[in-house]
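Below is one structure, written out as structure tokens; the observations come after it.
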Amino acid sequence: MAQQRILTGITPSGTPHLGNYAGAIRPAVEASSRAGVESFYFLSDYHALIKTSDPARVQRSTLEIAATWLAAGLDPGRVWFYRQSDIPEIPELTWLLTCVSGKGLLNRAHAYKAAVDKNSAEGEEPDAGVTMGLFMYPVLMAADILMFNAHKVPVGRDQIQHLEMARDIASSFNYRYGEHFVLPEAAIDDAVATLPGLDGRKMSKSYDNTIPLFASEAELKKLIYGIVTDSKVPGEPKETEGSALFQIYQAFASAEETTAMRARFAQGIAWGEAKEALFDKLETVLAPIRARYEALIADPEKIERILQEGAARLREKYATPFTRRLREAVGLRRLDQGLAAKTETQVKAQARPQFKQYRENDGLFYFKLTDGANRLLLQSRGFTSPRDAGQAVAAIKNGAAFEEWAALADGVNNADITRALEALRAE
Ligand code: TRP
């Protein structure tokens with residue numbers, strides 16, 4: 001089997017914290033060294049423009065996030081590591097995909113809907129303050145993924161809908177122009193740690209309770225001493241359950257160290273001592289990463305070179321030839337090479353969908369709907385008379401929901417049916 005292609009984007013906004021490291025960076029770096037996968041990690045700086053309009057911040061954050069991933073052990077010799085805006089084929093593909101993306105599909109995106117709901121609640125125009133960047137975000141993300149025909153996309157739960165949209169957009173394109181895109185899948189890892197923050201809630205920028213990954217030694221110490229604990233005195237047994245201190249320790253310690261720490265909690269370790277142990281552990285793990293990070297940050301030319309080389313090789317291997325193929329498929333072609341004959345898939349894709357009625361050995365009357373490529377879309381139940389079957393067909397053609405009479409064929413979705421019915425109605 002061909003290698004699995006795994007791709008994920010990292011939006012350069014903000015400074016990475018311990019939660020990002022344990023929950024996303026470390027598992028991704030580990031996964032990237034597995035055999036049989038081809039990994040793509042990129043800085044989604046076009047996406048960052050939707051979140052901030054501070055140019056210095058975009059640049060600074062891109063540098064910091066790139067340095068973080070490299071310092072954490074991502075090996076640009078083994079994985080594709082690049083910056084989205086170094087691949088001009090991505091915005092080009094975004095336009096090709098825009099032309100097959102239903103506006104209705106994008107109207108349903110959670111982030112857009114949330115903005116509209118908020119406006120309505122505040123008595124504003126529904127689209128007040130909504131940019132087309134925000135609205136089109138899912139299409140840009142689909143282009144990131146489809147450009148490299150990624151199979152799996154490790155993302156957080158909040159991104160599942162974007163993956164569904166990418167699949168939907170890919171099928172629309174494939175339906176019109178032939179099979180060019182793999183349908184990508186979200187890979188959600190429930191096992192990855194979510195770390196508690198200083199106040200015990202999930203570590204998150206929005207709660208302002210984070211420990212920056214590259215805090216200086218002094219800063220790290222101060223933050224750790226500020227982690228909330230209960231008021232149990234030294235000698236009193238302590239709960240590990242619900243202890244932010246313990247959970248952060250566990251995320252960075254070995255299994256044996258964690259067992260030993262659990263025993264010390266039961267024996268009534270003083271909170272001061274536990275904090276010192278956590279500080280020592282974090283300092284041991286993070287100091288070498290921090291040193292690499294600082295060396296990298298001090299050498300932006302090196303990072304720039306790594307990113308540019310990654311993009312150049314990636315364009316040559318995938319983006320440029322694939323874009324050539326896609327341009328050809330949609331008809332953005334040279335004029336001096338004659339009018340190319342339609343490919344077989346294109347001929348089929350342009351043929352008409354149709355309803356067929358027939359009788360089975362069981363004596364009942366059936367109908368089915370196929371698309372232009374003769375792919376089965378709908379399969380009816382049996383009717384006792386051909387007239388009943390015909391009326392059901394007419395009702396569906398006239399816009400009635402099909403569920404009463406027919407079921408979706410395997411691998412078909414409602415969008416496929418809608419397209420076929422629209423084509424029929426347009427006849
Ligand atoms: N939207 C993602 C986020 O905010 C980042 C991202 C951009 C991405 N393009 C992607 C993730 C492609 C996976 C695949 O987290």
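We count ligands from 1, going down the list as the structure has it; atoms in each ligand are counted the same way. Since the model is a prediction, treat every value here as computed from it, not as a measurement. All values below come from the heavy atoms of this structure, side chains included, with hydrogens, waters and symmetry mates left out.
Considering only non-hydrogen protein atoms, atom 4 (O) of ligand 1 sits nearest to Tyr137 OH, 3.1 Å. The single protein non-hydrogen atom nearest to atom 9 (N) of ligand 1 is Asp144 OD2, 2.7 Å, given as residue, atom name and distance. Nearest non-hydrogen protein atom to atom 11 (C) of ligand 1 is Gly9 N, 3.3 Å.
Aromatic pair Tyr41/Trp69: centroids less than 6.0 angstrom apart. A ring-centre distance under 6.0 Å is not found for Phe265 and Tyr249.
Aromatic ring pairs are classed by plane angle as parallel below 30°, tilted from 30° to 60° and perpendicular above 60°; the pair Tyr21 and Phe252 is parallel.
Remark: among candidates Met141, His162, His47, Gln159, the nearest residue to atom 15 (O) of ligand 1 is Gln159, based on non-hydrogen atoms.
Across Ile224, Asp280, Ile269, a single residue satisfies side-chain contact (heavy atoms from CB on, under 4.5 Å) together with Lys275, and that is Ile224. Considering Glu64, Arg290, His17 in turn, Arg290 is the only one that fulfils the side-chain contact (heavy atoms from CB on, under 4.5 Å) rule with Phe214.
Applying the 4.0 Å criterion to heavy atoms of Phe42 picks out, from ligand 1, the atoms 9 (N), 10 (C), 12 (C). Residue-ligand proximity, Ile145 to ligand 1, at heavy-atom distances under 4.0 Å covers atoms 12 (C), 14 (C). Of all atoms in ligand 1, numbered sequentially from 1 with element shown, those under 4.0 Å from a heavy atom of Val153 are 13 (C), 14 (C). Annotation for ligand 1: atoms under 4.0 Å from non-hydrogen atoms of Lys51 are 4 (O). Which parts of ligand 1 touch Val155 is read off a 4.0 Å heavy-atom cut-off, strictly below it: atoms 13 (C).
Few gaps surround CZ on Arg325; more than 12 heavy atoms of other groups in view lie less than 6.0 Å from it.
With Lys152 contributing its side chain and Gln4 its backbone, the two residues share no donor-acceptor pair below 3.5 Å.
Under 4.0 angstrom from ligand 1, there are no non-hydrogen atoms of Leu140.
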